[in-house]
Amino acid sequence: MTTMQRIQHDGTGGSHEADESSPFAPQTPQEVESMLSAIGADSVEELFDVPEAVAFDGEFDIEAKSEFEVVTEIEDLLGRNADRTEFLGRGHYDHYVPSVVDYLSLRSEFLTSYTQYQPETSQGFLQALFEFQSMIVELTGLDVANCSMYDAATALGEAAALAARVRDTSGSRVLVPETIRSERRSVLENYADGAELTVETYPLVDGNTDFDALSDRIGEDVVMVYAESPTARGTIEERLSDVATLADEHEAAFCLGSDPVALALLEEPAAVGADIVIGDASVLGLSASHGMGLGLFAVKEGYLRQVPGRLVGTSETADGRRAYTLTLQTREQHIRKERATSNICTNQAWVALRTAIHVASLGATGLSSLAEECVTRAAETAARLDEIDGVSAPADDRHHFREFVARTERPAAEVASELADRGFLVHEVGEYEIQVCVTETNSGEVDDLVAAVEEVLA
Amino acid sequence: MTTMQRIQHDGTGGSHEADESSPFAPQTPQEVESMLSAIGADSVEELFDVPEAVAFDGEFDIEAKSEFEVVTEIEDLLGRNADRTEFLGRGHYDHYVPSVVDYLSLRSEFLTSYTQYQPETSQGFLQALFEFQSMIVELTGLDVANCSMYDAATALGEAAALAARVRDTSGSRVLVPETIRSERRSVLENYADGAELTVETYPLVDGNTDFDALSDRIGEDVVMVYAESPTARGTIEERLSDVATLADEHEAAFCLGSDPVALALLEEPAAVGADIVIGDASVLGLSASHGMGLGLFAVKEGYLRQVPGRLVGTSETADGRRAYTLTLQTREQHIRKERATSNICTNQAWVALRTAIHVASLGATGLSSLAEECVTRAAETAARLDEIDGVSAPADDRHHFREFVARTERPAAEVASELADRGFLVHEVGEYEIQVCVTETNSGEVDDLVAAVEEVLA
Amino acid sequence: TWERETESGEAVNEPLLSEKRTETVTHDDVDLPDELVRDELTLPEPAEPEVASHYTRLSQMTYSVEHGPYPLGSCTMKYNPKFIEDVAALEEGAIHPDRPDEDAQGTLAVLHGLQEYLAEIGGMATATLQPPAGAAGEFTGLLVARAYHRSNGEDDERREVIVPASAHGTNFASAAMCGYDVVELPSDEDGRVPVDALEEAVGDSTAALMLTNPNTLGLFERDIEEIAEIVHDAGGLLYYDGANLNALLGRARPGDMGFDIMHYNVHKTFASPHGGGGPGAGPIGVVEELTDFLPDPHVRETDDGSFEFYEPAESIGKVHGFHGNWLVLLKTYAYISRLGDGGLKDTSAMAVLNANYLAERIDLDIPYGPFHHEFVASAGDVDAAEFAKGMLDEGVHPPTTKWPEIVDEALMTEPTEALSKEQLDVLAAAFTAASEKTKEELAEAPTTTAAARIDQTTAARNPRLSWQDVGGDDE
Amino acid sequence: TWERETESGEAVNEPLLSEKRTETVTHDDVDLPDELVRDELTLPEPAEPEVASHYTRLSQMTYSVEHGPYPLGSCTMKYNPKFIEDVAALEEGAIHPDRPDEDAQGTLAVLHGLQEYLAEIGGMATATLQPPAGAAGEFTGLLVARAYHRSNGEDDERREVIVPASAHGTNFASAAMCGYDVVELPSDEDGRVPVDALEEAVGDSTAALMLTNPNTLGLFERDIEEIAEIVHDAGGLLYYDGANLNALLGRARPGDMGFDIMHYNVHKTFASPHGGGGPGAGPIGVVEELTDFLPDPHVRETDDGSFEFYEPAESIGKVHGFHGNWLVLLKTYAYISRLGDGGLKDTSAMAVLNANYLAERIDLDIPYGPFHHEFVASAGDVDAAEFAKGMLDEGVHPPTTKWPEIVDEALMTEPTEALSKEQLDVLAAAFTAASEKTKEELAEAPTTTAAARIDQTTAARNPRLSWQDVGGDDE
């Protein structure tokens with residue numbers, strides 16, 4: 001250990017000898033000496049109690065770089081991502097995030113604090129999370145929202161585990177729509193595995209639950225029925241109340257998958273009888289981020305003590321002021337270990353903060369408008385594609401939210417690939433089906449997309 | 001005024017009716033009504049006491065846009081700037097600014113506060129400015145630095161005005177090097193005009209002051225001699241002490257132009273006898289920003305009461321703690337009006353903050369390395385260009401800092417233009433002279449530049 | 001909020017960077033002759049985590065518009081939208097000022113667009129964007145005036161600039177910097193320019209009259225048409241100080257009132273942040289007749305729709321080494337683009353409404369009116385500066401104090417459009433609370449701020465202006 | 001620092017957004033059948049300036065690593081470099097997860113690079129980046145273990161996961177989520193895994209042993225080779241909990257110690273910010289034999305040097321709906337690239353030095369050692385949680401309290417490499433100050449924080465979890 005060669009500064013972007021020390025460890029060589037002498041050690045090496053047999057004396061061969069070099073390198077690397085206009089959705093959406101969300105959430109107080117185990121010095125973040133929970137409560141109409149899961153898929157997994165826990169009699173099956181993203185289903189299956197549940201699907205007709213088929217498949221061994229609205233195909237479900245009633249009749253929990261923008265407009269989950277709502281809340285708060293999410297998780301009051309994840313509640317200070325604190329921690333792994341409601345510890349708190357700021361920035365009015373535009377834009381874009389020879393849109397005879405499936409006469413794989421060559425990305429979701437998602441961030445390029453589709457289908 | 005149509009929220013990026021209200025004015029229609037009623041007015045119009053003859057009832061024809069639309073529009077507009085690698089300098093430089101400078105300076109406490117007229121609630125910014133002043137004092141060796149002028153050119157203008165004020169006998173001339181940027185000279189002349197001074201030049205030989213010629217031109221009517229090191233051609237001046245002595249002999253102030261990076265390495269201004277140092281301090285703190293600057297302004301103690309601009313000093317609080325405050329404000333326009341040392345009010349405080357953070361991030365070691373690299377890079381790049389047939393570099397037989405002039409066999413205008421076609425920008429500074437500036441941000445592309453110059457000269 | 005305290009419970013100052021850790025470096029290896037190299041350099045040597053902590057701590061001791069009301073009269077401390085910072089951070093805008101025009105078309109397009117926006121808003125022919133601050137705008141405007149008179153062969157004669165007593169100090173100083181003699185015009189009894197006195201003051205020696213409208217009392221100069229006629233008839237020019245333009249956006253334009261030259265304080269009216277004192281920008285607009293005198297370069301559109309810099313025929317030359325405060329100008333362009341006609345008009349409407357509502361809510365004498373976006377209250381028999389310290393303890397920033405002098409113990413108050421009714425009520429309560437304090441209580445204020453009352457007199461008597469002047473930790 | 005106070009001098013809470021201004025909207029014009037549309041929606045309706053003030057105020061009531069020491073044991077609260085945020089903000093990285101591989105080569109290159117970095121640092125064959133948190137990594141790792149045993153036909157038999165008592169609570173919970181029975185192993189008298197007891201516990205039913213090394217007492221499990229042999233001989237797998245990897249960077253690698261599966265807490269070891277509780281990322285590394293079981297998809301380089309996603313042959317499937325916490329992974333890649341070998345090695349050196357120096361400076365009993373990057377002190381006869389409240393008043397964040405249980409009234413302390421000697425001295429002084437307080441004084445602490453002591457019991461007894469449950473302002 002060459003402590004005497006520790007060099008602190010290479011912010012110059014230059015290539016001098018920074019490779020013996022971390023720029024983020026502030027000790028000077030003199031301080032190291034004085035600290036060692038206080039400890040009574042001759043070297044830092046001496047402090048490591050690692051048996052020689054397992055000590056590492058090799059190199060990782062990772063070259064230290066200046067900040068400028070790293071930033072430039074990563075800019076160059078990411079520059080290899082093709083320049084494309086994405087009309088992609090299916091669970092990950094690109095809504096415009098106002099600048100104020102960045103500026104406030106990046107304040108170091110929020111960004112670099114930890115879980116609020118000492119509430120007296122964490123009131124700000126706790127209040128923000130409490131407000132996030134409250135917004136989700138308003139949007140879902142349910143009584144309890146936690147302050148984050150990882151994403152919609154893991155939230156669904158946790159929902160199934162919860163449904164199994166809260167049920168009086170044991171059960172073994174979870175029913176999900178056949179249109180569910182296979183990735184989401186796969187995550188659910190991994191959660192279901194430990195809970196000894198199996199996952200089965202029920203069919204949809206024209207983007208809407210095939211209620212008769214669902215009625216056939218349900219039974220007393222079903223612990224949870226899951227439905228989505230909007231579905232992964234962008235359709236708005238029309239029989240949610242019926243599904244809820246059916247689930248209830250079989251003592252199965254009814255879990256609805258949605259997102260905060262859709263919830264601002266569509267039927268209130270509580271009103272249709274949902275017991276649990278899951279979804280990805282980062283559709284507000286994060287723009288396209290390669291699938292990074294924020295699991296929304298809300299339940300009816302009866303499930304409170306079985307909720308996984310963090311909950312913030314109000315309390316009082318010694319001097320009688322309102323205060324916020326993490327609460328009901330006895331549900332959690334750090335207290336209850338293997339009997340916890342979940343293993344979740346690190347969560348998505350900062351994304352929840354961003355989502356809350358985004359919701360606040362929009363306000364009731366702005367969020368409502370945004371949601372309405374999701375209906376309008378999908379309908380208008382579908383109508384325009386439908387005018388093209390060789391395209392029929394939407395493929396499902398339903399109302400849509402943000403996105404829709406279009407049937408193409410040419411194979412979808414070819415259509416998608418040729419659109420990509422022209423700079424536009426759409427989903428290929430069937431042999432002759434593409435899926436198109438429109439938000440405010442790509443709506444300016446719908447004209448170009450339509451023209452490109454015309455060319456490709458011509 | 002359609003107060004009832006005030007709409008607060010259009011952060012959605014959507015195009016709904018936001019055009020009747022400012023998104024940054026929070027009053028709801030109901031609040032407007034209640035405020036009007038408190039005032040006892042029927043409408044906001046009533047509150048305007050503007051004679052009809054001069055009232056404006058037209059339109060500006062500026063269309064309101066959503067935040068997303070504005071950001072997109074400006075991105076598109078600025079995208080029209082050609083994608084070029086700049087080897088440009090001559091007073092405006094592109095050093096890499098570490099991220100920490102952005103994150104800290106953009107904290108709203110710094111960014112959105114005002115001049116520190118209430119020091120009790122502005123201690124943080126005051127201390128930062130005090131530290132900025134201190135850094136400039138360390139770099140120049142002079143006793144007093146103010147906490148910003150607009151840029152080097154206006155600082156030079158203020159220096160001349162100061163030189164005229166502090167002189168016992170009246171004078172009428174200011175001497176500047178012939179290599180000074182014409183723009184900087186033009187600003188100086190505008191300041192000189194009001195002070196009834198004229199600006200004259202003295203020649204340089206090979207990038208160094210022609211001392212004999214300067215001796216010829218100086219006289220008792222000269223109030224200030226100005227020299228630069230590095231000069232606008234990138235040369236390091238070698239006779240600063242002689243110039244200082246000469247100026248002193250004629251009771252003229254000696255003003256040196258430099259910048260904080262150069263000052264970290266080159267002769268200390270106080271040691272060579274400078275009375276005033278001016279320059280652009282934003283070479284640390286701002287990257288290329290179309291010439292936006294930060295006027296560095298430091299003087300010897302004797303000039304203190306004649307210094308233009310803001311000064312921060314230490315004082316004490318009622319409870320005996322150290323405190324910072326704007327001081328010697330009786331020099332300033334808001335107190336002394338036409339007898340003030342300058343009209344400056346709004347200054348570049350936030351840039352000074354950024355510069356201070358940048359200096360702190362580099363530390364003594366990092367700043368020193370950066371300065372040394374400015375010598376090395378210029379020398380190495382000049383040597384490489386010198387190897388090319390048809391190029392002779394550096395044109396001046398001096399040591400250089402950051403940049404140098406190269407003589408080309410083909411006309412410089414053609415060379416610069418053909419280099420631009422290849423993606424590289426250099427200065428055309430003479431009929432057969434180009435100027436090239438290298439910092440850490442473009443040094444990675446020196447190879448490509450050399451190759452392009454070879455092609456162009458081939 | 002959190003504050004580090006010592007064991008004895010006393011709050012601790014953030015140490016100076018120089019008190020934390022410094023390093024002295026020498027240059028032993030650089031390839032330069034020794035005599036060109038400084039002996040040594042001593043500067044702080046913090047690691048990045050320490051830099052971050054230091055400035056974060058300093059920020060915590062700094063009040064800003066995001067903390068609450070900041071009603072400094074004539075300063076227009078309004079909310080600074082965040083998206084304009086993102087626009088300023090766009091890499092495409094980070095170019096060198098010496099680029100050839102053809103490689104800088106994006107930047108030129110923004111500059112040209114802003115020239116046009118400002119011209120339209122001010123009722124001027126065009127606007128130069130070069131002046132880096134309001135005072136620099138005044139200086140530039142007067143250079144233009146002087147160039148105009150010089151071109152008429154009248155520069156020797158027209159040596160006077162007339163400035164009302166209530167004008168900003170910069171007006172006086174700018175005139176002096178241009179070599180003009182300043183003629184000060186007292187206010188008439190209703191707080192406005194006395195037309196009679198003006199008529200007497202104006203003459204062959206008049207270069208210009210500088211006027212703020214609404215003036216610093218918030219009053220519209222109702223006789224502006226007559227004033228303009230008087231000045232113009234005497235061959236003088238009329239200069240508009242744009243500090244209070246936030247009151248009139250879309251309601252009245254200086255050009256329509258007869259002004260020949262004006263400056264815009266974009267960091268006031270158009271919400272670019274004040275940054276603790278700057279940077280701002282002080283573009284000046286001029287009428288057609290004066291466009292040839294504008295600083296070099298100006299931007300124009302060419303026949304093919306591209307943009308170019310050009311030197312106006314009789315340009316005064318330069319007032320900034322390059323093109324002014326580009327980042328500020330870019331933010332201004334973004335702000336105006338966002339608001340549009342309706343938003344701009346609403347801005348002044350709400351600014352005026354807020355000022356009138358706040359005035360209604362506070363219990364101090366406000367001798368002049370009807371005012372627009374700001375008003376000047378009197379602290380009565382209390383020292384206005386002391387009154388301000390009392391307000392600090394209410395968690396708000398006080399107004400501008402003791403100025404303009406026409407009002408005794410003036411509290412010059414400008415809430416701006418950005419304060420909500422709730423915040424105005426908080427601010428009004430702070431006025432009330434301060435006025436209920438005794439002299440003794442005020443003398444002890446503030447007690448809730450990062451620092452207790454600071455002795456400014458000693459600071460000036462024995463100036464210590466760098467850490468080299470600061471001995472120990474507790475000198 | 002500034003705090004708004006009422007006229008009576010009492011500090012005021014920041015009101016809930018819902019207490020400021022709300023709006024109730026209905027959807028009258030949308031082109032959907034009424035029965036598909038909700039009746040109404042009530043949400044806050046602040047304007048942007050109010051949003052900014054609100055969250056700025058909330059931030060001021062939140063302690064962070066930039067305020068000072070944050071020595072939470074096992075949490076590695078170190079400085080989070082700012083440049084990694086810039087990297088995460090690069091627009092080129094903001095892509096949709098469903099892009100075809102050929103259009104996402106940049107993102108894939110970063111992911112592949114990070115897979116390799118982590119594999120190298122951990123001594124593993126490769127690493128999956130999909131788990132979005134450390135606990136998710138544990139879950140994933142155990143799913144891999146289970147898939148491995150299943151592929152060997154042993155899943156029915158191997159139903160037990162062995163976890164030392166001092167392990168993180170997540171280990172127990174993750175094992176349970178995978179359907180495993182947890183066998184808890186008490187610590188031996190020197191604070192480490194008792195090899196004898198382990199030998200007894202291990203057998204045909206053992207699926208895996210989960211171990212943290214250095215363990216939560218900061219002690220290196222010296223018998224790790226023997227432990228590995230015991231577990232492997234019994235057919236079990238060895239799982240490494242990476243929470244304490246910051247102690248060993250470049251000094252020892254889990255792979256070299258015999259671990260088969262490990263997770264990395266990149267938000268601890270690799271400085272991506274904790275964000276008030278997340279997001280983090282919990283990549284898991286595995287030895288060659290287990291690579292086929294990794295989650296779908298994994299990234300590999302193709303012959304032509306491009307990168308592609310592929311599904312490992314016996315993949316467990318997915319543990320995240322898409323590809324994990326991309327932005328966190330990107331920051332991690334940037335951080336590791338910045339430090340390189342030397343910086344990583346220095347990180348653990350300084351982390352261990354800091355912990356040892358701090359321990360030397362405080363006057364409490366530290367029963368176990370030699371420790372590495374963290375130590376567990378005992379508050380003695382004082383309740384550790386009370387002790388922590390006393391430290392809050394010294395302006396620092398206290399350590400993790402009352403855990404691990406092997407130490408009475410534990411204060412689990414991890415200063416990390418990012419604290420300077422000066423800050424360590426401040427932190428040590430805070431320990432001293434807290435230990436000198438009486439029980440009564442501690443019971444009244446904290447008094448200098450944004451909020452006084454908060455009653456957590458009542459909060460749980462009568463949970464109010466949304467603003468709908470909060471009556472008035474002063475309920």
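Being a predicted model, the structure only gives us computed values, none of them experimental. In what follows, every chain begins at residue 1, and chains take the letters A, B, ... in the order their sequences are listed.
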For this session: List for me each residue that meets salt bridge (charged side-chain N to carboxylate O under 4.0 Å, His left out) alongside B:Arg402, sequence neighbours excluded, and say none if there are none.
Result: B:Asp259
Can you tell me how far [atom2] of [Y] sits from [atom1] of [X], rounded to the nearest 0.5 angstrom?
X        : Y        : atom1 : atom2 : result
B:Phe68  : A:Ser99  : CZ    : OG    : 11.5 Å
B:Glu440 : A:Glu69  : CD    : CD    : 10.5 Å
B:Tyr103 : A:Leu111 : OH    : CG    : 8.0 Å

Seminar exercise, completed: Between B:Ser108 and A:Arg107 the two heavy atoms that sit nearest each other are OG-NH1, 3.3 Å
Exercise. By a 4.5 Å heavy-atom criterion (distance strictly below it), what part of A:Thr441 contacts chain B: side chain, backbone, both, or neither?
Worked result: both
For this session: Under 4.5 Å heavy-atom distance to chain B, tell me which part of A:Thr439 shows up: side chain, backbone, both or neither.
Result: neither
